[in-house]
Amino acid sequence: MNIEGLNPQQSSATTHLGSPLLVLAGAGSGKTRVITHKIAWLIRNAGYAAYQIAAITFTNKAAREMKERTLSLLSRQEAKGLTVSTFHTLGLSIIRSEIETLGYKSGFSIFDAQDSASILKELAYKEDNLADEDTESRWIISRWKNDFVNPEQALQIAENPKEVQAAILYGKYQRQLKAYNGLDFDDLIVLPTQLLENNEAVRTKWQNRLRYLLIDEYQDTNACQYRMIKLLAGVRGEITAVGDDDQSIYAWRGAQPENLNLLQQDYPMLKVVKLEQNYRSTEFILGAANHLIANNPHLFDKKLWSALGYGEKILIMPCRTAEHEAEKVITEILKYKFRARAEPEDFAILYRSNHQGKLFERVLRENNLPYRVTGGQSFFERAEVKDTLAYIRLIANPTDDAAFLRVVNTPKREIGLSTLEKLGTYAYERGTTLLAASHEFGFAQRISNRAKLNLDRFTDWIEHLIRSVDNFTPHEFIRQIINDIGYEDYLLNMSSSPKMAERRMDNVKEVFKWIERLYDDGDGKETLGEIVAHMTLMDLLERNREDKDNNEITLMTLHSSKGLEYPYVFIVGVEEDLIPHANSLSENEEGLEEERRLMYVGITRAKQQLTISYAKTRSRYGEELTCEPSRFLDELPAANIEWEDKRQISPEQKQENADAYMKDILAMLEE
DNA sequence: ACGCCGCGTATTTTT
DNA sequence: TACGCGGCGT
């Protein structure tokens, strides 16, 4: 049976039932199409109810896109109750419904990466004098958690002083989290998985609740996530995993592309469908990508092809210096912009590491070209958003010290650092939380009357709010709080310009809107705390940003380009030690292979034109270094590439370029 | 509360 | 080289 608009492989993946399915979906081969059509097909043709189906992704963005595209195939009624969520959000739902079995109180808070970091920092400081808490222990602890290694076991298997320190910290960290009634991001996956593994009743319940699972970006699952999937799927194994081992670029973070293989071992009946037709790129581009990735070992052979014609050859631009490279790239952009009437949003400049973007930003600014840099963390850590959420967190969960500290002096309440330090020390000694400690007699003795007065004013008010929380809808409640504390004035004072303050206040209003939306979407029983927990997992403002019609050139790392596509792609800094990155080469062959996949991901982002550049010298850490072109350039097929320095340009073409350039400048002057 | 200075550090980071 | 952060001084 063929489904309308799908090619035979997509169609067979869509309609396959009766055994687990692995869809090896090459870049641009329509994997989201398959997942969304499969969901629709399961509901329409296979007798599944929407609420029995869960599609699981890694990012909010992917979940959002999948949800939207599924809804375009189904009526609202048909799709009712469908789960399309990230691993973390799914974990949160399981935790929420099993909260008592798990031994957490219902008003728990979710601690984001920053919250976790500050807890660890605090602990490292308090316990071991100063033992500088390098971020490394955070990674080590996270890895242990995902491998179900508890702090005691960690201490035993720790192999070096760093790991020993991390293990000690780990135990304290876990106790602290529990005391705050807090869960970190890892807990959202680890706790449900452990529960499903150890508790048969819960396992059966969830296996009956979710009868069909679809997993997106399967190659990025870590050991714990795979366990979770397997437990949910049970012996029935009604799952479709969609992934591409060639696009596995997160192994360094615990992703196990071997899970593709494991699936075959664990489910011998596994059916494998390969999606090899690429709908994105021209043949020259795809051919180069295939040729490059053929240098990696493969579990499953796969060769992408395209029906879009040869297109343009890949242009390789050797450049004298990094500055020169940036200028040449921008010149190329201007050329396409005018000659092919390309828009800024049609271009992407991709690089291995963030700092490489700076140079390009500068040159783009000089040329008055609009651009945006994605990545970095600026978006997740918008202070105004976190402040707003922290107020709710504290009210929903009075033991949440991280939230307490965040809002206690925001806006300024003349509660100084030393007061808070004394409060922290006291609470720590007494094994209680900050809010509770602030009222204890023993603490009152340690600080001045004035400080006590200010602190009491705050804590009394918070406690009043805690008592009255049930009298309001969540969004009314938080709007009132933000209003009462004069947060808008505070932003005005804190921001560099009134315009900036306005934008930040808009972000706060966006939070209100989301709270209202989540409240309305829920069954009406959702508490304020549950809504905030949910919101901690969302990229609230990301959506905002997409809505705006930003016609801008995109600058980003190769990592964050995964899943995206652009007509014109520039991969820059393609030099030895940058890509492949020097640090990835030291240990084993696998490091190099992942770098190669990263290059592969970059190449396959391009629809029409791919340009690769490298510099012969580049200043790094203050000194001028001579750079070698990346070995990956040698792995591209000569027939698909054109070297810029050998490019033949006819006199007419030259004239045309010059005209184009002038016209462009004139157009820009008019603007 | 703010700003300055000097020191250390420099790969990627879905939640 | 450059940038962010902790410490310290005003």
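Lettering of chains follows the sequences in order, A, B, ..., and the numbering in each one begins at 1. None of the values given here were measured: they were computed from a predicted structure.
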Next item on the list: Please state whether the rings of A:Y250 and A:H559 are parallel, tilted or perpendicular, taking 30° and 60° as the class boundaries.
Entry: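 Ring orientation of A:Y250 relative to A:H559: tilted.
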At less than 4.0 Å, is any side-chain N or O atom of A:N354 found next to OP1 or OP2 of B:dT11? Yes or no.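 Looking at the OP1 and OP2 atoms of B:dT11, neither is under 4.0 Å from any side-chain N or O of A:N354.
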Phosphate oxygens OP1/OP2 of B:dT12: is one of them under 4.0 Å from a side-chain N or O of A:S584?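 It does not, given that no N or O in the side chain of A:S584 lies less than 4.0 Å from OP1 or OP2 of B:dT12.
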Round to the nearest Å and state the distance from [X] atom [atom1] to [N] atom [atom2].
X: A:N222; N: B:dT15; atom1: CG; atom2: P; answer: 15 Å
X: A:H559; N: B:dT11; atom1: NE2; atom2: P; answer: 13 Å
X: A:R597; N: B:dT12; atom1: CZ; atom2: P; answer: 18 Å
X: A:M599; N: B:dT12; atom1: CE; atom2: C1'; answer: 16 Å
X: A:E593; N: B:dT12; atom1: CD; atom2: P; answer: 22 Å
X: A:H88; N: B:dT15; atom1: NE2; atom2: P; answer: 9 Å
X: A:Y351; N: B:dA10; atom1: OH; atom2: P; answer: 19 Å
X: A:I95; N: B:dT15; atom1: CD1; atom2: P; answer: 17 Å

- Item | Separation of the C1' atoms in B:dT12 and C:dC5, to the nearest angstrom |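 Here B:dT12 and C:dC5 have their C1' atoms 22 Å from each other.
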- Task: For C:dA2 and B:dT13, measure between their P atoms and round to the nearest Å.
- Result: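 It comes out at 22 Å once rounded to the nearest Å.
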| For chain A, the stretch of DNA chain C it reaches, first to last nucleotide, under 4.0 Å of its heavy atoms |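 Contacts span C:dT1 to C:dG6, reading 5' to 3'.
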query: Taking the six-membered ring where the residue is Trp, are the ring centres of A:Y566 and A:F347 under 6.0 Å apart?
result: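 Between A:F347 and A:Y566, which both carry aromatic rings, the centre distance is not below 6.0 Å.
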_Please pick, from B:dT15, B:dT13, B:dT11, the nucleotide with the shortest atom-to-atom distance to any side-chain atom of A:L537._
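Among B:dT15, B:dT13, B:dT11, the one nearest the side chain of A:L537 is B:dT15.
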Exercise. Of all the nucleotides listed (B:dT11, B:dT12, B:dT15), which has the minimum atom distance to the side chain of A:N583?
Worked result: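 Nucleotide nearest to A:N583's side chain: B:dT11.
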For the pair [X] and [Y], find out whether any cationic side-chain nitrogen is under 4.0 Å from an anionic carboxylate oxygen.
X: A:K386; Y: A:D112; result: yes
X: A:E624; Y: A:R618; result: no
X: A:R597; Y: A:D245; result: no
X: A:K358; Y: A:E361; result: no

Within the 4.0 Å heavy-atom criterion, would you say A:S353 contacts the bases, only the backbone, or no part of the nucleic acid?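 Sugar-phosphate contact only.
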### Query
Looking for any heavy atom pair under 4.0 Å, which part of the strands does A:Y250 touch: base, sugar-phosphate only, or nothing?
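A:Y250: base contact, heavy atoms under 4.0 Å.
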Under 3.5 Å, is there a donor-acceptor pair linking the side chains of A:D400 and A:S109?
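On atom types as modelled, these side chains qualify, holding a pair under 3.5 Å.
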